[in-house]
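I have placed the structure first, in the form of structure tokens, so that the comments after it can refer back to it.
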Amino acid sequence: ETDDKKELTKWIKRGVECKDKMEKLSVSASTWNFENKLYLLQAEEQFCSRNFERAETLYDAAILSSKIHKFVNEEALANELAGHFYLETGRRNKSVHYFSRAVAKYNEWGAVAKASSLTEYLDESER
């Protein structure tokens, strides 16, 4: 097994462990605080597993949960990661929609530098 493969396996295992902890917290501690985070971790897991249809549903669930629970920063992050998902899966037009929403939410949260950086990234990816 190559070092890259070992490293990947290590990170996948760590991601699953984090997702499992988040699932327990969502049930035992506070759905309000942890639901959106759990959906986002599940979306990323499905993306990595190439279950793209399920990933789409989970990104949207993470965004909606963040919005409902008024976590503007996490709504921005979920939109940004969904944007990367769509860009990586060859759906640039859809990615622009999510990246644009992420920029708006980062600005709303006051993370102007992050919004600017994401805008630059999007501009560079068009080239």
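For this chain, numbers begin at 1 and follow the sequence in order. None of the values given here were measured: they were computed from a predicted structure.
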Using atom types as modelled, flag every donor-acceptor pair under 3.5 Å from a side chain in residues 43-50 to any protein atom, sequence neighbours excluded.
from, atom 1, to, atom 2, distance (Å)
Glu44, OE2, Tyr59, OH, 2.3
Glu45, OE1, Lys19, NZ, 3.2
Gln46, OE1, Asn51, ND2, 2.7
Ser49, OG, Glu45, O, 3.0

With sequence neighbours left out, write down each residue that passes side-chain contact (heavy atoms from CB on, under 4.5 Å) with [X], or none if nothing qualifies.
{"X": "Val96", "answer": "Arg92, Ser100, Leu122"}
{"X": "Lys114", "answer": "Glu80, Tyr106, Ala111"}
{"X": "His97", "answer": "Arg101"}
{"X": "Thr57", "answer": "Arg54"}

Contact between [X] and [Y] at the side-chain level, heavy atoms closer than 4.5 Å - yes or no?
{"X": "Phe85", "Y": "Arg91", "value": "yes"}
{"X": "Leu118", "Y": "Phe99", "value": "yes"}
{"X": "Lys10", "Y": "Glu7", "value": "yes"}

Sequence-distant partners of Glu53, salt bridge (Lys or Arg N to Asp or Glu O under 4.0 Å), two or more places apart:
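So Glu53 forms no salt bridge (Lys or Arg N to Asp or Glu O under 4.0 Å) with any residue.
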Other cluster members, Leu64 - Ile/Leu/Val/Met/Phe/Trp/Tyr, side-chain contacts below 4.5 Å
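Leu64 shares its hydrophobic cluster with Ile68.
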Who else is in the cluster with Val112 when I, L, V, M, F, W and Y are joined by side-chain contacts under 4.5 Å?
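Hydrophobic cluster check, Val112: no partners found.
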With Asn73 via side-chain hydrogen bond (donor to acceptor under 3.5 Å, both in side chains) - residues at least two apart
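side-chain hydrogen bond (donor to acceptor under 3.5 Å, both in side chains) check on Asn73 returns nothing, list empty.
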According to side-chain hydrogen bond (donor to acceptor under 3.5 Å, both in side chains), who are the partners of Ser65, at least two apart in sequence or on a separate chain?
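Ser65 satisfies side-chain hydrogen bond (donor to acceptor under 3.5 Å, both in side chains) with Glu35, His69 only.
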Are Tyr39 and Phe71 linked, directly or through other ILVMFWY residues, by side chains that come within less than 4.5 angstrom of each other?
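Unlinked, Tyr39 and Phe71 end up in two clusters.
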Among the clusters formed by ILVMFWY side chains lying less than 4.5 Å apart, do Ile12 and Leu81 turn up in the same one?
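In one cluster: no.
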Check Ala78 against Ile63 and note the closest heavy-atom contact, atom names and distance.
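Closest approach of Ala78 to Ile63: CB-CG1, 3.6 Å.
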Closest heavy-atom pair and its distance - Ser95, Leu87
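For Ser95 versus Leu87, the nearest heavy atoms are CB-N, 3.5 Å.
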Run Tyr121 and His84 through side-chain contact (heavy atoms from CB on, under 4.5 Å) and show every step you take.
CA-CA 11 Å; Tyr121 169 80; His84 287 293; 3.5 Å; yes
ring-ring contact (aromatic ring centres under 6.0 Å, His included) with Tyr98: which residues, sequence neighbours excluded?
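Here the qualifying residues are Tyr86.
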Is there any salt bridge (Lys or Arg N to Asp or Glu O under 4.0 Å) pair reaching into residues 58-79, and which pairs are they, with sequence neighbours excluded?
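Pairs touching residues 58-79 that pass the test: Lys37-Glu74, Glu75-Lys105.
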